[in-house]
Protein chains: 2
Amino acid sequence: MDSINIKKLAKELNISTSTVSRAFNDNTDINKDTKERILAYAKQHNYLPNHYASNLRDKKTKTLAVIVPEIANDFFSQAINGIEEVARKKGFYILLYRTDDVFEKEVSFVNYLNNGKADGIIMSVSGEANDHNYLRQLEKKHIPVVFFDRVYEDIDAAKVTTNDYDSSFSATEHLIKTGCKKIAYLVVNKSISIGKVRMQGYQDALAKHKTPFDDSLVIDCSNDEKVNYKILKKVLQDVKPDGIFSSVERLAFATYYVCNDLGISIPDDLKVISFSSLRVAPLLAPALSTITQPAYEMGVKAATLLFEALENNGNGVAKKEHVLKSKLYIRKSSIGE
Amino acid sequence: MDSINIKKLAKELNISTSTVSRAFNDNTDINKDTKERILAYAKQHNYLPNHYASNLRDKKTKTLAVIVPEIANDFFSQAINGIEEVARKKGFYILLYRTDDVFEKEVSFVNYLNNGKADGIIMSVSGEANDHNYLRQLEKKHIPVVFFDRVYEDIDAAKVTTNDYDSSFSATEHLIKTGCKKIAYLVVNKSISIGKVRMQGYQDALAKHKTPFDDSLVIDCSNDEKVNYKILKKVLQDVKPDGIFSSVERLAFATYYVCNDLGISIPDDLKVISFSSLRVAPLLAPALSTITQPAYEMGVKAATLLFEALENNGNGVAKKEHVLKSKLYIRKSSIGE
DNA sequence: TTGTATGCGTTATCAG
DNA sequence: CTGATAACGCATACAA
């Protein structure tokens, strides 16, 4: 057909394929003029080395897999931005996966990656500390993994997290200081490590201030907006908390909607603070107090660590937790009278 | 090393590589028991056919490239979600690119894709109708392209858009009806087709209502938040419009920030309406009136069209504009006294 | 139903 | 500095 490849190019230029190859691989062993001639002709005829063939030869995919629970989410989209930034500079491609928080999808994706589709993986996990054999397989194939935000504690890999415990503690303490006596903790999946850590900060802050911990104030929500609305409506009507600490952005939004409908005033009747990366948090009615994670920086850090692992062939890379700091923004939604 | 491949697997099972290959390719010409035996053994030893080698053989990458100006943006992240949904069902991978609205990056990405890295491309463009030779090269290589939202009119390809002209017309008319006499149009790049279409709707609505068009009310903004803040501050102080029609979400946010700082009341002093996919628009202070594009559905549609092109080998596919409908949500930010 | 042989497009090795 | 050749891992045509 009209498809071009290294052989045709070589033939048309009356040189060997090796020389053409050299022209494209910054090889020093090539005459400058020859190289220019080749590149010029290639450009003209729109030739580029086939990436799959190259990969087959030297096992470098120049591709990085990114696995996240959701994409349309301020935190993750900003993190992906950070990853993309670093990857682009290294000339790497990004393969994107979304798990929808379904553990089985995560497993199936990771298993696929065993076929050499990517050189490394950056992921924010969707399951609990459990059977992670599927991840151990990657180690055997020397495919490095870096976790960010949501990690598996039992896997030995580089991890990029934020100081969730401290932030949760501070946020809860802040609510207590503004006068809250009955603070509810909103979480999506209690058993996932990130939910646990955040809850621990909440509990310890309560304990420090001699506020008894009440299990009925821990509200386990779902991934379905409508269900959450119902759950929260019931809680606000029956349990009547005077403070909300939300471990997940969208539960804070749901709280706002319920309050609007029930005529509950934030912050007069109820103070709200939430983990959130929403850039327009200051523009909400009322402005939402947030614990904001450095999403973009976390992406950059995770990608940087992955490239370190790749460049050192997995040796000597800090397989530890790299903790970045979140920022607490106190806004109107949690300010006392 | 410890790496496994089709040969080793075949040898260990005392069968030929072709049989192993058949087991993985839903080939009918294989004994059911043999197939099961192979798959079981493969699973146990964590073998999967190398994707790059397979591709080199049969020129199917099962990969789809997605090129967007930004990722951390409600519209695009939701659209990507839609694309991902369809791609996943087809067993396709997604290669993600971000251009940052820089035309050169778009060109360089597209050129890369000429090397057979992806079977097809879905993109929202970053340039103007100009020299699109780089895209024409793709046609030669039979790599189908589908545009969404931001398209090049002069390229013959499937396009997924929304009824921007109508929406802009309605939005502007709505502002006029609520009493606005001096409506500013905010745009990021006037010369890009999508900005033009939206502006045309704005202009025509003005004309219909005998409001003279004033060029100083067309505010050309940038991609830098700080610069936009300054531009808008100046406009609100000097030109003093009583209505804002923003063709881009983040310019509406910037307007909100400026108004907060200048003590301008929305909607009393200034009414605002904007193109936006922000899911918490109703929660803003005041709730933002929006023209909301069906972002997710656009992603689904674009991906569906691309797969049609792929499956029909590019023939008989509707290389036309598929127009979906946006929805106008009138909220407090643009309601009259 | 299975096995053998070939080639996909590239690059590294080695020889010149 | 350049050319010939083998090999990467797989899937198909063809033979059995």
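In what follows, chains carry the letters A, B, and so on, assigned in the order in which the sequence lines appear, proteins first and then strands, with residues in each chain numbered from 1.
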Self-check item: Nearest-0.5 Å distance, NZ of residue Lys35(B) to CZ of residue Phe24(B)
Solution: 10.0 Å
Quiz item: Do you know which of Glu321(B), Arg150(B), Gln293(B), Lys301(B) makes side-chain hydrogen bond (donor to acceptor under 3.5 Å, both in side chains) with Thr161(B)?
Solution: Glu321(B)
Quiz item: Quick one: the side chain of Arg57(B) and the base of dG9(C), do they pair up donor-acceptor inside 3.5 Å?
Solution: no
Exercise. Ignoring backbone atoms, test whether Ser16(A) places a side-chain nitrogen or oxygen under 4.0 Å from the OP1 or OP2 oxygen of dT2(D).
Key: no
Self-check item: Distance test, side-chain N/O of Ser21(A) to OP1/OP2 of dT11(C), below 4.0 Å
Solution: yes
Exercise. Show the numbers, then the answer: is there a salt bridge (charged side-chain N to carboxylate O under 4.0 Å, His left out) between Lys90(A) and Asp119(A)?
Key: CA-CA 13 Å; Lys90(A) 298 278 185 181; Asp119(A) 290 343; over 6 Å; no
Practice problem: Please state whether the phosphate of dA11(D), meaning OP1 or OP2, lies under 4.0 angstrom from any side-chain nitrogen or oxygen of Asn25(B). | Solution: yes
Self-check item: Short side-chain donor-acceptor distance under 3.5 Å, Gln137(B) and Asn114(B)
Solution: no
Quiz item: For dG9(C), does either OP1 or OP2 sit under 4.0 Å from a side-chain N or O belonging to Lys59(B)?
Solution: yes
Quiz item: Pick the nucleotide of DNA chain C nearest each of Ser18(B) and Ser18(A); which residue has the one closer to the 5' end?
Solution: Ser18(B)
Quiz prompt | Short side-chain N/O contact from Asn5(A) to OP1 or OP2 of dG9(C), under 4.0 Å | solution = yes
Quiz item: Within the structure shown, what part of the strands sits under 4.0 Å from Ile6(A) by heavy-atom distance: base, sugar-phosphate, or nothing?
Solution: base
Self-check item: Under-4.0 Å side-chain N/O to phosphate OP1/OP2 contact, Tyr52(B) with dA11(D)
Solution: no
Quiz prompt | Residue-phosphate contact under 4.0 Å: Thr19(A) side-chain N/O, dT2(D) OP1/OP2 | solution = no
Quiz prompt | Nucleotide of dA12(C), dT2(D), dC10(D) approaching Ser54(B) most closely (side-chain heavy atoms) | solution = dC10(D)
Quiz item: Are Thr34(A) and dT2(D) close enough that a side-chain N or O sits under 4.0 Å from OP1 or OP2?
Solution: yes
